[in-house]
Protein chains: 2
Amino acid sequence: MRLLVAEDEPHIAADLRGALEQAGYAVDLAVDGEAAWFQAEVEAYDAMILDLGLPRLDGLSLLRRLRGAGSTMPVLILTARDGWREKVEGIDAGADDYLAKPFRMEELLARLRAILRRAAGHASALLVAGPLELDTRSRTVAVDGRALALTALEYRLLAYLLHHRGRAVPAGELLDHLYDGEAERETNAIEALLARLRRKLGTPLIETRRGHGYVIAAA
Amino acid sequence: MRLLVAEDEPHIAADLRGALEQAGYAVDLAVDGEAAWFQAEVEAYDAMILDLGLPRLDGLSLLRRLRGAGSTMPVLILTARDGWREKVEGIDAGADDYLAKPFRMEELLARLRAILRRAAGHASALLVAGPLELDTRSRTVAVDGRALALTALEYRLLAYLLHHRGRAVPAGELLDHLYDGEAERETNAIEALLARLRRKLGTPLIETRRGHGYVIAAA
DNA sequence: CGCGCGCTGTCAGCGCAATGTCAGCGGGGC
DNA sequence: GCCCCGCTGACATTGCGCTGACAGCGCGCG
């Protein structure tokens with residue numbers, strides 16, 4: 001899962017990036033509204049965390065512009081103000097959730113998990129596929145009840161596939177969503193990663209559909 | 001839109017019903033957790049507003065039971081408690097949103113609109129022709145409900161024909177649209193491809209109009 | 001501050017599914 | 001009845017995706 005954080009206050013931005021990366025997400029930062037708009041247009045994000053008080057282009061206008069352009073990306077709004085009017089306005093502008101500063105990082109993470117799983121059409125925080133269980137809260141994975149030690153990237157890959165169960169996910173899409181904007185990689189990186197993950201899973205759970213992508217076995 | 005409100009405090013329940021009906025929703029009330037569970041099982045609701053402090057079966061347990069039973073109905077949690085732990089727990093149990101009492105009715109309505117809007121956005125694009133179904137989201141194809149394993153090109157060909165249903169598509173046009181410009185192929189490539197596709201489909205769905213092109217049977 | 005280890009991307013080679021080509025055939029249209 | 005378009009099965013080729021080896025990097029530990 002790859003996130004865009006639009007926040008101009010450096011300290012908060014750094015905190016957010018740290019906590020989110022710790023929680024297993026790939027994170028890109030944008031320091032003003034125009035930058036965020038550009039990033040959101042050009043790159044592929046699974047969700048956006050948006051501070052309302054941004055320079056150059058304020059959060060609400062950015063959100064309306066995004067929605068106007070047809071984007072359905074989940075957006076979590078962050079704000080200093082706490083009035084219900086702003087909340088209502090933000091939510092009706094197309095925000096998926098709303099959080100007032102100061103907030104507990106745990107709550108932000110929980111709300112983020114919620115909008116991500118909702119965007120994927122799931123109700124539960126526990127993703128299950130046959131003998132496989134992935135718990136997005138504790139970031140743990142088990143097969144047949146036996147816990148697995150996955151690396152950060154392996155976890156991200158598996159979580160992404162589970163979020164998109166029932167669909168063949170192309171390797172190119174995985175490249176877009178597993179990494180932040182720093183470096184370019186070739187699709188072979190995905191293949192290698194996948195090979196390692198499959199070996200750890202033991203069971204053949206991830207199916208390759210030549211030319212289409214990868215799918216988690218329906219089971 | 002039909003809503004289920006699970007709230008035991010009569011005064012709040014009446015307020016909610018009033019405001020929600022005012023806003024144009026059909027509203028059913030449930031006064032305890034067991035009743036809400038029964039209602040949710042028997043009737044079809046577009047969303048549920050759930051108080052956590054319910055008698056007989058508390059809200060969180062009810063929510064977990066619902067999610068465990070596979071329901072994806074949007075649920076908005078209402079609570080007197082305001083600690084972040086409860087929020088996190090509620091959201092991770094599968095709630096779509098969370099609101100602490102006391103709240104402004106406007107905010108509740110806004111959040112309700114948001115979760116309803118989101119739940120509506122999950123329809124997947126289906127192309128249908130008689131017994132044939134092609135789902136562009138999952139990139140899957142089925143005939144009479146039986147899934148087919150198509151190769152990337154076969155899928156592209158079929159999707160193109162379905163997009164242009166009702167028109168005879170010449171082989172030359174298919175050559176132009178199925179391949180990216182690099183290599184030149186002969187129209188026989190299309191014929192061979194088509195033969196393989198027809199064999200997999202089983203039923204004679206793709207008709208040849210000699211001299212004009214190919215059409216998907218109107219069905 | 002240096003060392004080592006785990007993580008991860010790249011490379012080269014390989015096997016196999018996918019797909020284009022070819023040659024022969026059948027049938028529809030004029 | 002002839003001719004040409006389109007179909008088919010066989011075969012060749014290509015390129016996708018898998019694998020094992022290796023190297024760079026970052027982080028924790030001594």
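Each chain gets a letter, A, B and so on, in the order the sequences are listed, and its residues count up from 1.
When the side-chain nitrogen and oxygen atoms of B/T187 are compared with OP1 and OP2 of D/dG6, none of them lie within a distance under 4.0 Å. Applying the 4.0 Å criterion to OP1 and OP2 of D/dC7, one finds that B/R198 has a side-chain N or O inside that range. Contact annotation: A/Y214 reaches the phosphate of D/dC18 (side-chain N/O to OP1 or OP2, under 4.0 Å).
What separates CZ of A/R185 from P of D/dC25 is a distance of 13 Å, to the nearest Å. Between the C1' atom of C/dG20 and the CG atom of B/L153 lies a distance of 10 Å, rounded to the nearest Å. Computed from coordinates, the A/L197 CG to D/dG17 C1' distance equals 16 Å when rounded to whole Å. A/E154 places its CD atom 6 Å from the P atom of C/dT8, with the value rounded to the nearest Å. The distance from atom CZ of B/R209 to atom P of D/dC5 is 19 Å, rounded to the nearest whole Å. Summarising the geometry, the separation between CG on A/L157 and P on C/dG9 is reported as 11 Å, rounded to the nearest angstrom. Protein atom CG of B/L194 is 16 Å distant from nucleotide atom C1' of C/dA18, rounded to whole Å. Rounded to whole Å, the distance from CD on B/E191 to C1' on D/dC5 is 8 Å.
Across all their heavy atoms, B/L161 and B/Y214 have their closest contact at CD2-O, 4.0 Å. Heavy-atom minimum distance, A/A6 versus A/M48: CB-CE, 4.0 Å. Looking at every heavy atom in both residues, A/A26 comes nearest to A/R156 through CB-NH1, 3.5 Å. Of all the heavy atoms in A/D96 and A/M73, the pair that sits closest is OD1-O, 3.9 Å.
Between A/H122 and A/H163, the ring planes lie tilted relative to each other; the angle falls in the 30° to 60° range.
Heavy-atom distances to DNA chain C give each of B/K200 and B/A189 a nearest nucleotide, and the one nearer the 5′ end belongs to B/K200.
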* **For DNA chain D, the dot-bracket pattern of Watson-Crick and G-U pairs whose distances stay under 3.5 Å, | for other-strand partners** => ||||||||||||||||||||||||||||||
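Side-chain atoms of B/T151 lie closest to C/dA18 of the nucleotides C/dT8, C/dC22, C/dA18.
Between the side chains of B/E86 and B/Y98, no donor N or O sits under 3.5 Å from an acceptor N or O.
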Grab the N/O contacts between the protein and nucleotides 24-30 of chain C below 3.5 Å, and write none if there aren't any.
| from | atom 1 | to | atom 2 | distance (Å) |
| --- | --- | --- | --- | --- |
| C/dG27 | N2 | B/R210 | NH2 | 2.9 |

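For C/dG20, the base has a donor-acceptor partner in the side chain of B/R196 [N/O atoms by modelled type, under 3.5 angstrom].
Listed by chain and number, the residues in a salt bridge (Lys or Arg N to Asp or Glu O under 4.0 Å) with A/D97 are A/R111, B/R111 (sequence neighbours excluded).
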* To do: Give the C-alpha distance, both sets of side-chain angles, the deciding distance and a yes or no for salt bridge (Lys or Arg N to Asp or Glu O under 4.0 Å) between B/R167 and B/E173.
  => CA-CA 12 Å; B/R167 181 168 74 81; B/E173 182 179 337; 2.9 Å; yes
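Two residues are said to be in side-chain contact when any heavy atoms from C-beta on lie closer than 4.5 Å; B/I77 and B/L99 fail this criterion.
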